[in-house]
Amino acid sequence: MSNVDVARVLVDLADLLEIQGANPFRVRAHRSGARTIETLAEPIAGLVEDPERSPEELSGIGKDLSEKIISIVLTGKLDQLDELREQVPAGVVAMLRIPGLGPKKVGVLFKDLGLESLDALEAAATEGAIAELKGFGAKTEQMILEGIGLARHGSTRTWLSTARVAVDRIVEDLSKLDSVTRVSLAGSSRRLKETVGDLDVLATVSEGVSSSDVMAALAGHELVDEVLAQGETKQRVRLLEREGGGLELDLRVVPEASYGAAMQYFTGSKEHNIVVRRRAQERGLKVNEYGVFSETDEDGPAVAGRTEEDVYQAVGLPWIPPELREDRGEFEMAESGRLPELVTVEDIRGDL
DNA sequence: GCCG
DNA sequence: CAGTACG
DNA sequence: CGGCCGTTACTG
């Protein structure tokens, strides 16, 4: 059993528990434990077999998860998972991959309509049976029909190199607008992940300037297929099919003074952001995408937020390079002043 | 579920 | 309002 | 034992 195998069992268990309506924090604990095992620098089997050691020594893994991990390593399976699999068909878990369908709604589809597969779900949606359910409507039904292909196909991530071709053009074109002061790439593409699930772009406007100009420009951009959602500060669009296969792009527009906080938030990762915000809480501060604020004076002036550096400084850290923002040890490195110097293109020697 |  | 999705 | 990140947007 490799670390990835063990992690997979815990993730599957989390999915099933979630559909069954388990405590969300319990579900999260399983996912977090899975991540810990997957990113562990040593084989989990070796740790389990060492009589001096136990998975409990890993932070985020307690007595329960430790016992489960030991069982998985020693027997190759987990009884609790097998039992849950008998209660919840695989097709129901597959429904979670449809965008807009979460555990609650999937649970209703399974329990109330008895749907056990994507095929059955598609048939029910086509007949209009979904829209009649409480909490569902015509839009949800349409969303299911559009998303069911994604769920069948599995995850659809795009190579960064492909995605960059499209997003670089969009960033460049939006930058030319008079109403924006700057446009930056954020999200996993800024973190230089090999593949991206979607694209994230941040635009800033001068204080008091409306966001509608930028959004209208993006909506009318030659690479944009359709606008999926739009609000005051946020817009989500789907790109044309050719450049990376219907990639989705999120645009966020914030005032100039929030640039640093917004970049920090929008660059992620989610796990990294949670730690940043928890550190803020420990210091009597509150971090959001608009800035860093005092917990006791939330409406008061921002303590930080104009640059990423001052956001990190407010929570007692040096600026952390985006490539490291995964909550995989970068906080310990930053805390002790041992952040590595990353390799850059200039470091590479040879014929390219 | 884990943690303090 | 709850549920879903965003980092 | 209580708390567990913080926000915006959309749907029903």
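To find a chain, count down the sequence lines: A is the first, B the second, and so on, and within it residues start at 1.
Within 4.0 Å of Val27(A), counting heavy atoms only, lies no atom of the nucleic acid at all. Residue contacts for Thr267(A): at a heavy-atom cut-off of 4.0 Å it reaches the sugar-phosphate backbone alone, with no base atom in range. Residue-level contact check: Arg325(A) touches neither bases nor backbone, having no heavy atom under 4.0 Å from any strand. Using a 4.0 Å heavy-atom distance criterion, Lys104(A) is classed as a sugar-phosphate-only contact.
Under 3.5 Å, the side chains of Ser206(A) and Glu256(A) contain no donor-acceptor pair of N or O atoms. Between the side chains of Glu330(A) and His272(A), at least one donor N or O sits under 3.5 Å from an acceptor N or O. Under 3.5 Å, the side chains of Arg328(A) and Thr39(A) contain no donor-acceptor pair of N or O atoms. Between the side chains of Ser184(A) and Tyr259(A), a donor-acceptor pair is found at a separation under 3.5 Å. No hydrogens or angles considered: nothing links the side chains of Lys286(A) and Gln281(A) as a donor-acceptor pair under 3.5 Å. Side-chain atoms of Trp319(A) and Glu308(A) form a donor-acceptor pair, as typed in the model, at a separation below 3.5 Å.
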Q | Strand DNA chain D as a dot-bracket string - pairs counted if Watson-Crick or G-U with both distances under 3.5 Å, | where the partner lies in another strand | A | ||||||.|||||
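Residue Asn23(A) has no polar side-chain atom (N or O) positioned under 4.0 Å from OP1 or OP2 of dG1(B). An OP1 or OP2 oxygen of dG12(D) is reached within less than 4.0 angstrom by no side-chain nitrogen or oxygen of Lys105(A). Here Thr140(A) reaches the OP1 or OP2 of dG12(D): one of its side-chain N or O atoms lies under 4.0 Å away. Here Ser59(A) does not reach the OP1 or OP2 of dC3(B): none of its side-chain N or O atoms lies under 4.0 Å away. At dG1(B), none of the side-chain N or O atoms of Lys63(A) fall inside 4.0 Å of OP1 or OP2 (strictly under the cut-off). Between Arg277(A) and dC5(D), a side-chain N or O to OP1/OP2 separation shorter than 4.0 Å is absent. Note on Arg236(A): a side-chain N or O is less than 4.0 Å away from OP1 or OP2 of dC6(C). An OP1 or OP2 oxygen of dT11(D) is reached within less than 4.0 angstrom by a side-chain nitrogen or oxygen of Lys139(A).
Stacking between Phe25(A) and dC2(B) is absent: the aromatic ring centre is not both under 5.5 angstrom from the base six-membered ring centre and within 30 degrees in plane angle.
A salt bridge links Asp112(A) to Lys134(A): at least one charged side-chain nitrogen sits closer than 4.0 Å to a carboxylate oxygen.
You'll find that the side chain of Asn273(A) is closest to dG7(C), out of dG7(C), dG1(B), dT8(D). Of the listed nucleotides (dT4(C), dG7(C), dC2(B)), dG7(C) has the atom at the smallest distance from the side chain of Phe266(A). Closest to the Lys234(A) side chain, of the nucleotides dA9(D), dT7(D), dG7(C), is dA9(D). You'll find that the side chain of Pro103(A) is closest to dT4(C), out of dG6(D), dT4(C), dC6(C).
With rounding to whole Å, Phe293(A) atom CZ is found 9 Å from dT7(D) atom P. Counting to the nearest Å, the C1' atom of dT4(C) and the CD atom of Glu18(A) are 11 Å from each other. When the P atom of dT8(D) is taken as reference, atom CG of Leu228(A) falls 21 Å away, rounded to whole Å. A straight line from CD of Gln281(A) to P of dG4(B) spans 15 Å, rounded to a whole angstrom. Here dT8(D) presents its P atom at 9 Å from OH of Tyr265(A), a figure rounded to the nearest Å. Rounded to whole Å, atom C1' of dA5(C) lies 12 Å from atom CG of Leu101(A). Nucleotide dG12(D) holds its P atom 11 Å from the CD atom of Gln142(A), rounded to whole Å. What separates CD of Glu271(A) from P of dG7(C) is a distance of 11 Å, to the nearest Å.
Taking atom P in both dA5(C) and dG3(D), the straight-line distance is 27 Å, to the nearest Å. Between dG7(C) and dC4(D), the distance separating the two P atoms is 23 Å to the nearest Å. Between dC3(B) and dC5(D), the two P atoms lie 14 Å apart (nearest whole Å).
Of the residues in residues 31-58 of chain A, none lies under 4.0 Å from DNA chain D by heavy-atom distance. Within residues 114-137 of chain A, the residues that have a heavy atom under 4.0 Å from DNA chain D are, in order of number, Gly135(A), Phe136(A), Gly137(A).
Checking side-chain atoms of Arg252(A) against main-chain N and O of Lys234(A) turns up no donor-acceptor pair under 3.5 Å.
Toward the 5' end of DNA chain D, the nearer of the two residues Ala138(A) and Arg28(A), judged by each one's closest nucleotide, is Arg28(A).
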